[in-house]
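Okay, structure first, notes after.
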Amino acid sequence: MKSLPQLLVIVPAPLHAPRLPRKMLRPINGRPLLLHALGIASTVVADPLQVVVVSDDAEVLLLAERAGCSTVLDARWAGASTEPAGPLA
């Protein structure tokens with residue numbers, strides 16, 4: 001079997017979505033939406049640390065860390081709309 005190049009899966013997980021607040025922590029079938037997304041993301045990588053969750057909220061990042069993922073706090077999302085507005089400066 002051919003070896004795949006190193007992959008990195010980035011999961012954007014802003015907590016403060018204007019249309020559905022706390023969306024990533026809302027339960028779907030008893031589990032937070034974030035855990036469903038991480039389960040899907042983990043199917044394409046060999047190591048859970050290759051899944052990186054980017055969020056504006058410590059609670060979301062803690063959940064991702066407990067799931068074994070890497071995390072990045074991005075304060076640029078704090079209080080901002082999640083509607084596409086072009087590239088971040």
Side-chain angles (χ1 to χ4, degrees):
M1 183 202 285
K2 286 176 95 173
S3 175
L4 293 176
Q6 188 78 352
L7 284 178
L8 187 66
V9 177
I10 299 174
V11 178
L15 185 64
H16 305 291
R19 291 177 297 219
L20 186 58
R22 301 181 56 82
K23 174 173 69 175
M24 296 310 288
L25 297 177
R26 288 192 181 253
I28 296 176
N29 291 331
R31 294 176 52 215
L33 174 60
L34 178 63
L35 293 183
H36 289 279
L38 297 180
I40 294 167
S42 68
T43 64
V44 298
V45 294
D47 181 353
L49 290 175
Q50 290 173 261
V51 177
V52 180
V53 175
V54 181
S55 183
D56 59 345
D57 185 81
E59 187 177 359
V60 171
L61 298 178
L62 180 61
L63 182 59
E65 288 171 358
R66 287 181 177 164
C69 300
S70 300
T71 60
V72 174
L73 176 64
D74 190 344
R76 294 178 290 184
W77 280 344
S81 169
T82 57
E83 295 299 318
L88 293 173

For the hydrophobic clusters of this structure (ILVMFWY residues joined by side-chain heavy atoms under 4.5 Å, transitively), does one cluster hold both Val44 and Val11?
yes

Taking all heavy atoms of [X] and all of [Y], pick out the closest pair and write down the distance.
{"X": "Gln50", "Y": "Leu8", "answer": "O-CD1, 3.2 Å"}
{"X": "Arg26", "Y": "Pro21", "answer": "NE-O, 3.1 Å"}
{"X": "Val51", "Y": "Cys69", "answer": "O-CB, 3.4 Å"}
{"X": "Pro32", "Y": "Met24", "answer": "CB-O, 3.9 Å"}

Those residues at least two apart in sequence (or on a different chain) that pass side chain to side chain contact (heavy atoms under 4.5 Å, CB included) with Val72 are Val52, Val54

Compile the donor-acceptor pairs under 3.5 Å between side chains in residues 58-67 and protein atoms, sequence neighbours left out, one pair per line.
residue : atom : partner : partner atom : Å
Glu59   : OE1  : Arg22   : NH2          : 3.2
Glu59   : OE2  : Arg22   : NH2          : 3.4
Glu65   : OE2  : Thr71   : OG1          : 3.0

May I have the list of side-chain donor-acceptor pairs in residues 34-42 shorter than 3.5 Å, sequence neighbours left out?
residue : atom : partner : partner atom : Å
His36   : NE2  : Ile28   : O            : 2.8
Ser42   : OG   : Leu38   : O            : 3.3
Ser42   : OG   : Gly39   : O            : 2.9

Can you tell me how far the [atom1] atom of [X] sits from the [atom2] atom of [Y], to the nearest 0.5 Å?
{"X": "Asp74", "Y": "Ser55", "atom1": "CG", "atom2": "OG", "answer": "9.0 Å"}
{"X": "Asp56", "Y": "Leu73", "atom1": "CG", "atom2": "CG", "answer": "7.5 Å"}
{"X": "Ser70", "Y": "Ile10", "atom1": "OG", "atom2": "CD1", "answer": "10.5 Å"}

